[in-house]
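Encoded as structure tokens, the structure appears first; notes follow it.
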Amino acid sequence: MFTVKTKIDIAVQKALSRRLHRNSLIAMIVGAIGLLVYLVVATIFENPYLDILLVFAIPFGFGLVYVITINKLMKNVELINQTNEYTFEESFFTVTTTRNAEVTGSAKIYYKELYKNREEKDYIFMYINKTSAIAVQKSNMTNDELIILRSLLDLELMPKGM
């Protein structure tokens, strides 16, 4: 039916991990505030029940680890120099991955096997499983191709402004 190319770069990674990055920052900030309150209050008052505030170390730790991991992924994605070419058919699509001008793999994926689909402002993400997604850049498609892809993936029309 039609073919679309998408360069896998930092913009794709940012769009894909936007929610996780935001939630990780919130967890880290809440945890840091809780730990700061513990330090201030524990130095003023000697109460063994104040140690319960150390529970804020958990969201702080998880948030910090996720933020560091996401930032490292963003730096590494530029080094990969990867482009995916998608050929969309009636009941399946194929993905051909090219790295540094060399084809490194190809896969045939049926739409019914996708875990979920998500459309954002610039990309459509097709999840192979809970954690792995394939990104298709919407600006590389014509309006007709976009309408066909939305239909194949059972995506509703995006509201204006997205």
Side-chain angles (χ1 to χ4, degrees), residues 1-33 56-162:
M1 287 178 26
F2 63 95
T3 301
V4 179
K5 285 188 178 186
T6 300
K7 180 163 176 49
I8 307 303
D9 57 9
I10 198 163
V12 173
Q13 191 64 39
K14 279 184 179 180
L16 184 59
S17 60
R18 183 176 293 124
R19 292 177 185 166
L20 180 60
H21 192 260
R22 182 193 65 226
N23 293 342
S24 299
L25 282 174
I26 291 170
M28 192 172 77
I29 291 168
V30 167
I33 291 170
F56 283 101
I58 295 169
F60 176 76
F62 278 111
L64 182 63
V65 167
Y66 278 122
V67 166
I68 291 170
T69 302
I70 291 168
N71 288 339
K72 186 175 180 180
L73 281 172
M74 301 248 187
K75 289 178 184 174
N76 289 341
V77 77
E78 288 296 323
L79 300 174
I80 294 173
N81 191 22
Q82 177 176 317
T83 302
N84 286 346
E85 180 176 283
Y86 307 97
T87 303
F88 294 99
E89 300 294 341
E90 185 93 16
S91 60
F92 66 92
F93 65 97
T94 57
V95 183
T96 303
T97 302
T98 306
R99 289 186 182 164
N100 299 317
E102 180 182 335
V103 175
T104 59
S106 184
K108 181 178 181 179
I109 302 168
Y110 288 89
Y111 300 115
K112 63 183 179 183
E113 294 175 350
L114 292 172
Y115 178 74
K116 74 176 182 176
N117 303 302
R118 184 179 66 161
E119 183 172 5
E120 292 195 358
K121 181 181 177 185
D122 298 321
Y123 300 96
I124 293 177
F125 294 107
M126 299 175 291
Y127 287 80
I128 300 168
N129 55 41
K130 278 185 172 183
T131 57
S132 298
I134 299 172
V136 179
Q137 191 168 8
K138 291 169 33 176
S139 64
N140 292 345
M141 294 188 288
T142 65
N143 282 338
D144 290 339
E145 291 172 342
L146 189 55
I147 290 168
I148 292 169
L149 183 57
R150 283 182 181 136
S151 171
L152 292 170
L153 298 175
D154 292 328
L155 290 171
E156 295 181 21
L157 289 176
M158 289 291 291
K160 291 192 178 202
M162 284 230 33

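- Contact of the Q13 side chain with the K75 side chain is not registered, since no non-hydrogen atoms from C-beta on lie closer than 4.5 Å.
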Is there a side chain to side chain contact (heavy atoms under 4.5 Å, CB included) between F56 and I33? Walk through the geometry before answering. CA-CA 8 Å; F56 283 101; I33 291 170; over 6 Å; no
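- Closest of all the heavy-atom pairs between I70 and S24 is CD1-OG, 4.5 Å.
- Y66 is not listed as a side-chain neighbour of N23, based on a closest heavy-atom distance of 4.5 Å or more.
- Atom CZ of R22 is surrounded by more than 12 heavy atoms from other residues, nucleotides or ligands within 6.0 Å.
- Listed for the N117 side chain is a donor-acceptor partner under 3.5 Å among the backbone atoms of L153.
- When every heavy atom of A27 is checked against every heavy atom of G63, the shortest pair comes out as CB-CA, 4.3 Å.
- Within the 4.5 Å cutoff, no side-chain heavy atoms of K138 are placed close to those of Y123.
- Under the side chain to side chain donor-acceptor pair (under 3.5 Å) criterion, S139 pairs with Q137, sequence neighbours left out.
- F62 pairs by the ring pair (Phe, Tyr, Trp, His ring centres under 6.0 Å) definition with nothing, not counting sequence neighbours.
- In terms of heavy-atom proximity, G31 sits nearest to P59 at CA-CG, 4.2 Å.
- In this view, N129 and T131, S132 satisfy the side-chain contact (heavy atoms from CB on, under 4.5 Å) rule, not counting sequence neighbours.
- Applying the salt bridge (Lys or Arg N to Asp or Glu O under 4.0 Å) test to residues at least two apart or on different chains, the pairs with a partner in residues 1-17 are K5-E85.
- Taking R18 as the reference, E120 meet the salt bridge (charged side-chain N to carboxylate O under 4.0 Å, His left out) condition, with sequence neighbours excluded.
- You'll find the side chain of I124 stays beyond 4.5 Å of the side chain of R118, heavy atoms only.
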Between side-chain atoms of residues 107-116 and protein atoms elsewhere (two or more places apart, or another chain), which donor-acceptor pairs fall under 3.5 Å?
{"residue": "K108", "atom": "NZ", "partner": "Y110", "partner atom": "OH", "Å": "3.3"}
{"residue": "Y111", "atom": "OH", "partner": "E89", "partner atom": "O", "Å": "2.9"}
{"residue": "Y111", "atom": "OH", "partner": "F92", "partner atom": "O", "Å": "3.2"}

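- Between the CE atom in M1 and the CG atom in L149 there is a gap of 8.5 Å [rounded to 0.5 Å].
- Every residue meeting the side chain to side chain donor-acceptor pair (under 3.5 Å) condition with N84, not counting sequence neighbours, appears here in chain and number order: Q82, Y86, T97.
- With rounding to the nearest 0.5 Å, the separation of CD1 in I134 from CG in L16 is 11.0 Å.
- Although no hydrogens or angles enter the test, the distance criterion places a donor-acceptor pair under 3.5 Å between the side chain of E145 and the main chain of T142.
- The main-chain N or O of I147 is never found under 3.5 Å from a side-chain atom of S151 such that the two would form a donor-acceptor pair.
- Among residues two or more places apart in sequence or in another chain, the side chain to side chain donor-acceptor pair (under 3.5 Å) test is passed with N100 by N81.
- The distance from the CG atom of N71 to the CG atom of N76 is 11.0 Å, given to the nearest 0.5 Å.
- Contacts of V65 classified as side-chain contact (heavy atoms from CB on, under 4.5 Å), with partners at least two apart in sequence or in another chain: T69.
- Contact check for V12 versus V77: no side-chain heavy atoms found under the 4.5 Å cut-off.
- Contact annotation: the side chain of E119 never approaches that of F125 to less than 4.5 Å [non-hydrogen atoms, C-beta and beyond].
- Residues that satisfy the side-chain contact (heavy atoms from CB on, under 4.5 Å) test with T98, not counting sequence neighbours, are V103.
- Going from atom CD1 of I80 over to atom CG of L73 covers 8.5 Å, rounded to the nearest 0.5 Å.
- Checked against side-chain contact (heavy atoms from CB on, under 4.5 Å), I68 has the following partners two or more places apart in sequence or in another chain: L64.
- Here CG of L152 is found 10.0 Å from CE of M126. Values are rounded to the nearest 0.5 Å.
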